[in-house]
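Everything numeric here is computed off the predicted structure, so don't read it as measured data. Values below: every heavy atom of this structure, side chains too, minus hydrogens, waters and symmetry copies.
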Amino acid sequence: LAYSASAQQPTLNCLMEQMESRAKRPRTQAQANRAAAIEADFPPTPALVVFDLDACLWDPELYQLRDPDGMPLGFDVAQNVATAASGEEVHLLGHTAAVFSELASAGRWAKAQVAVASCCEWPGTAEWLLSKFR
């Protein structure tokens, strides 16, 4: 959500902050029209963000782990990786860590609720992983 291909390209967060700052200043009609056009390019923040878990946020799916109860025994904070008793690692997929960071730290998401919709066989393990991953 806050991705920048180069240091010179502003991030979405930066653009949103600039828009919010400018919105507080008095505007001419031309400025108001231009601001409305720019704001139309950025949809409002959703009130609810729902995640599926297995094969969407992390891999492998919990049922694929060799542990009969699926409970990871360890978590490497530096690597952001869970390790099952079998030695198998559970990793976040793609930009999941960046999305988690955005949701946790960006003020525009403060009122948004985050939910999970999953048919994971081990909800306790899923909750544990969600509490550990960053």
- Task: Scan residues 109-120 for pairs that pass salt bridge (Lys or Arg N to Asp or Glu O under 4.0 Å), counting only residues two or more places apart or in two chains.
- Result: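 The answer is none; no pair qualifies.
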- Which residues satisfy the side-chain contact (heavy atoms from CB on, under 4.5 Å) test with Ala97, sequence neighbours excluded? Asn80, Leu92
- Item | side-chain contact (heavy atoms from CB on, under 4.5 Å) against Glu127, all qualifying residues, sequence neighbours excluded |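 Here no residue qualifies.
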- Using the side chain to side chain contact (heavy atoms under 4.5 Å, CB included) rule, take Leu62 and Leu129 through it: C-alpha gap first, then chi angles, then the decisive distance, then the call. CA-CA 10 Å; Leu62 296 183; Leu129 285 169; 3.6 Å; yes
Tell me whether [Y] is reachable from [X] by hopping between hydrophobic residues (I, L, V, M, F, W, Y) whose side-chain heavy atoms are closer than 4.5 Å.
X: Val116; Y: Leu57; value: yes
X: Leu130; Y: Val99; value: yes
X: Trp58; Y: Val49; value: yes
X: Trp128; Y: Leu93; value: no

Closest approach of [X] to [Y] (non-hydrogen atoms, all atoms of both residues):
X: Ala78; Y: Asp76; answer: N-OD1, 3.0 Å
X: Pro60; Y: Gln64; answer: CB-OE1, 3.3 Å
X: Ala112; Y: Pro46; answer: CB-O, 3.4 Å

- With Phe75, which residues qualify under ring-ring contact (aromatic ring centres under 6.0 Å, His included), at least two apart?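 For Phe75, the residues satisfying ring-ring contact (aromatic ring centres under 6.0 Å, His included) (neighbours in sequence not counted) are Phe133.
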- Query: Among all residues two or more places apart in sequence or in another chain, which pass the side-chain hydrogen bond (donor to acceptor under 3.5 Å, both in side chains) test with Ser86?
  - Reply: Glu88
- Apart from Val50 itself, its cluster of hydrophobic side chains linked below 4.5 Å comprises Leu48
- Task: Side-chain contact test, heavy atoms from C-beta onward, threshold under 4.5 Å: evaluate it for Asp59 versus His91 and give yes or no.
- Result: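 No; the side chains remain at least 4.5 Å from each other.
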